[in-house]
Amino acid sequence: MVAAGVALVRHPLSAPQGGRPSAPPWEAGDPRWGGRRAEELLAERFARGQIDEEEYERRLARLREHR
């Protein structure tokens, strides 16, 4: 019974559509996880007041260094 439960849990995780294991989007090259999305998230945090202008500019420069 335990083996059947493990088989049911493992099957969807190990063989999604197409039969190949899926990689996380940041490893699969999903463009939403690239530098542009990081800049958008940073801008949103600045707009909400979660970080100040100095912190925003420092982090933005750092992101653009690593493109």
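Here the structure is a predicted model, which is why all the values come from computation and not from measurement.
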Task: Listed partners of Glu65 passing side-chain contact (heavy atoms from CB on, under 4.5 Å), at least two apart - done: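 Applying side-chain contact (heavy atoms from CB on, under 4.5 Å) to Glu65 gives Arg62.
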
Open item on the list: Run the side-chain contact (heavy atoms from CB on, under 4.5 Å) test against Gln50 and tell me which residues pass, sequence neighbours left out.
Closed with: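 Counting only residues at least two positions away or on another chain, Gln50 forms a side-chain contact (heavy atoms from CB on, under 4.5 Å) with Arg45, Arg48.
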
Open item on the list: Within this structure, what is the CG-CZ distance for the pair Leu63 and Arg36, rounded to the nearest 0.5 Å?
Closed with: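 Here the rounded value is 10.5 Å.
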
- [ ] Can you run down the ring pair (Phe, Tyr, Trp, His ring centres under 6.0 Å) pairs that involve residues 47-67, sequence neighbours left out, and say none if there aren't any?
- [x]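 Qualifying pairs: Phe46-Tyr56.
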
- [ ] Could I get the full list of salt bridge (Lys or Arg N to Asp or Glu O under 4.0 Å) partners for Glu55, not counting sequence neighbours?
- [x]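 Partners of Glu55 by the salt bridge (Lys or Arg N to Asp or Glu O under 4.0 Å) criterion, ordered by chain and then number, come out as Arg58, Arg59.
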
Open item on the list: If you define the side chain from C-beta out and look only at heavy atoms, does anything of Leu42 sit under 4.5 Å from Glu39?
Closed with: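 Result no, sub-4.5 Å side-chain heavy-atom pair not found.
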
TODO: Answer yes or no: are there more than 12 heavy-atom neighbours, outside Glu53 itself, under 6.0 Å from its atom CD?
DONE: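 Result for CD/Glu53: open.
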
